Amino acid sequence: MNYFVTAINTDSGKTLVSAILTQALQADYWKPIQSGVERDADKVRDLINNNHSLIFNESYWFQTPASPHYAAEVENVTIDLDKILIPGNKGNNLVIEGAGGVLVPLNDTHFVIDLAVKFNSEIILVSNNYLGSINHTLLTINEIKRRGLSIKGIVFNGPRNESTEDFILKYSGLKCLLRINQEKEIDQFVVNKYAIELFNTWE
Ligand SMILES: Nc1ncnc2c1ncn2[C@@H]1O[C@H](COP(=O)(O)OP(=O)(O)OP(=O)(O)O)[C@@H](O)[C@H]1O
Ligand SMILES: C[C@H](N)[C@H](N)CCCCCC(=O)O
Ligand SMILES: [Mg+2]
């Protein structure tokens with residue numbers, strides 16, 4: 001199964017959730033398009049601890065920490081979805097991490113969400129609690145559904161707001177897969193703690 005981890009924004013915790021999911025399912029991990037010198041793939045490799053997961057290389061890696069469409073322009077590249085091919089064997093679950101939110105542009109005609117469609121993925125949506133996040137979360141859900149994609153559920157990451165989370169879950173009918181607290185630091189121990197919790201409720 002291909003699981004596509006997206007979020008309501010950049011810096012929402014997609015890489016953290018991807019590491020937790022990769023560890024929980026002993027899945028493989030892939031970030032097709034990376035912008036910025038720090039690789040999410042390296043962060044996930046350092047945060048998991050199992051003998052099964054493969055960490056694949058990006059199809060595009062831009063040094064410019066910006067929207068992929070702009071980073072590509074700056075580096076005289078055009079992102080071509082036909083050149084982005086699923087890596088590795090079909091035997092294992094694959095965790096695919098997007099870049100920023102769903103409508104982050106890749107070029108003049110494609111967005112991050114088009115990768116999830118291309119790879120026939122099930123969506124894991126990472127949401128956060130801040131003033132404005134209900135709107136951002138419901139808009140993101142609407143766009144995912146408009147593309148005909150299935151949403152496995154929502155991960156709420158960071159400081160809690162029960163009222164916000166309750167409204168989003170009630171209105172969307174989606175399942176809360178996991179709640180992640182604001183942690184003092186993110187390391188293998190923390191990732192494994194949440195991976196066990198996620199595995200125990202995974203259907
Ligand atoms: N629950 C948390 N507790 C503490 N730190 C967190 C938590 N979630 C995320 N962070 C930290 O916040 C930063 C952003 O998280 P992360 O890199 O996972 O975001 P992202 O959605 O993957 O961003 P991008 O869009 O660049 O891929 C990282 O330094 C991460 O370690
Ligand atoms: C560089 C950053 N860490 C992400 N990889 C890319 C975020 C793109 C956001 C584009 C936008 O929504 O304005
Ligand atoms: Mg990331």
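Atoms within each ligand, like the ligands themselves, are counted from 1 in listed order. Numbers for residues simply follow the sequence, beginning at 1. Side-chain atoms are counted along with the backbone in the values below, which use heavy atoms only and exclude waters and symmetry mates. Source: prediction; values computed, not measured.
- Between Ile124 and the options Thr6, Ile154, Val17, a side chain to side chain contact (heavy atoms under 4.5 Å, CB included) holds for only Val17.
- Judged by distance alone, the side chain of Ser172 and the main-chain N or O of Leu174 form a donor-acceptor pair under 3.5 Å.
- A distance-only check finds a donor-acceptor pair linking the side chain of Gln188 to the backbone of Asp46 [under 3.5 Å].
- Listed by chain and number, the protein N, O or S atoms at a distance under 2.8 Å from the Mg ion (ligand 3) are Thr15 OG1, Asp40 OD2, Glu97 OE2.
- Between His136 and Tyr130, the angle of the ring planes lies from 30° to 60°, which puts this pair in the tilted group.
- At distances below 3.5 Å, at least one donor-acceptor pair connects side-chain atoms of Asp28 with backbone N or O atoms of Leu54.
- Partners of Arg160 according to the salt bridge (Lys or Arg N to Asp or Glu O under 4.0 Å) rule, which considers only residues two or more places apart in sequence or in another chain, are Glu165.
- You'll find the ring centres of Trp202 and Tyr194 outside the 6.0 Å limit.
- Remark: side-chain polar atoms of Asn200 are not paired, donor with acceptor, to backbone N or O of Glu197 under 3.5 angstrom.
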Pairs under 3.5 Å, nitrogen or oxygen of ligand 1 with protein nitrogen or oxygen:
{"residue": "ligand 1", "atom": "1 (N)", "partner": "Asn157", "partner atom": "OD1", "Å": "2.8"}
{"residue": "ligand 1", "atom": "1 (N)", "partner": "Asn181", "partner atom": "O", "Å": "2.9"}
{"residue": "ligand 1", "atom": "3 (N)", "partner": "Glu183", "partner atom": "N", "Å": "2.9"}
{"residue": "ligand 1", "atom": "8 (N)", "partner": "Asn157", "partner atom": "ND2", "Å": "3.0"}
{"residue": "ligand 1", "atom": "18 (O)", "partner": "Thr15", "partner atom": "N", "Å": "3.1"}
{"residue": "ligand 1", "atom": "18 (O)", "partner": "Leu16", "partner atom": "N", "Å": "3.2"}
{"residue": "ligand 1", "atom": "19 (O)", "partner": "Gly13", "partner atom": "N", "Å": "3.2"}
{"residue": "ligand 1", "atom": "21 (O)", "partner": "Asp11", "partner atom": "N", "Å": "3.4"}
{"residue": "ligand 1", "atom": "21 (O)", "partner": "Ser12", "partner atom": "N", "Å": "3.1"}
{"residue": "ligand 1", "atom": "21 (O)", "partner": "Gly13", "partner atom": "N", "Å": "3.1"}
{"residue": "ligand 1", "atom": "21 (O)", "partner": "Lys14", "partner atom": "N", "Å": "2.9"}
{"residue": "ligand 1", "atom": "21 (O)", "partner": "Lys14", "partner atom": "NZ", "Å": "2.9"}
{"residue": "ligand 1", "atom": "22 (O)", "partner": "Lys14", "partner atom": "N", "Å": "3.4"}
{"residue": "ligand 1", "atom": "22 (O)", "partner": "Thr15", "partner atom": "N", "Å": "2.9"}
{"residue": "ligand 1", "atom": "22 (O)", "partner": "Thr15", "partner atom": "OG1", "Å": "2.9"}
{"residue": "ligand 1", "atom": "22 (O)", "partner": "Glu97", "partner atom": "OE2", "Å": "3.1"}
{"residue": "ligand 1", "atom": "23 (O)", "partner": "Asp11", "partner atom": "N", "Å": "3.1"}
{"residue": "ligand 1", "atom": "25 (O)", "partner": "Thr10", "partner atom": "OG1", "Å": "2.8"}
{"residue": "ligand 1", "atom": "25 (O)", "partner": "Lys14", "partner atom": "NZ", "Å": "2.6"}
{"residue": "ligand 1", "atom": "25 (O)", "partner": "Gly100", "partner atom": "N", "Å": "3.3"}
{"residue": "ligand 1", "atom": "26 (O)", "partner": "Thr10", "partner atom": "OG1", "Å": "3.4"}
{"residue": "ligand 1", "atom": "27 (O)", "partner": "Lys31", "partner atom": "NZ", "Å": "3.2"}
{"residue": "ligand 1", "atom": "27 (O)", "partner": "Asp40", "partner atom": "OD2", "Å": "3.1"}
{"residue": "ligand 1", "atom": "27 (O)", "partner": "Glu97", "partner atom": "OE2", "Å": "3.1"}

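- Contacts of ligand 2 (protein heavy-atom distance under 4.0 Å) are Thr10, Ser35, Pro65, Ala66, Ser67, Val104.
- When the options Lys31, Gln34, Lys14 are evaluated for a side-chain hydrogen bond (donor to acceptor under 3.5 Å, both in side chains) with Glu97, the one that passes is Lys31.
- Donor-acceptor pairing under 3.5 Å is recorded for the side chains of Ser127 and Thr137.
- Judged by distance alone, with hydrogens and angles left aside, the side-chain atoms of Asn157 form no donor-acceptor pair with the main-chain N or O of Val126 at under 3.5 Å.
- A donor and an acceptor atom, one from each side chain of Asn9 and Ser12, are nowhere located under 3.5 Å apart.
- Residue Glu183 forms a side chain to side chain contact (heavy atoms under 4.5 Å, CB included) with just one option from Leu16, Val191, Val190, and that option is Val190.
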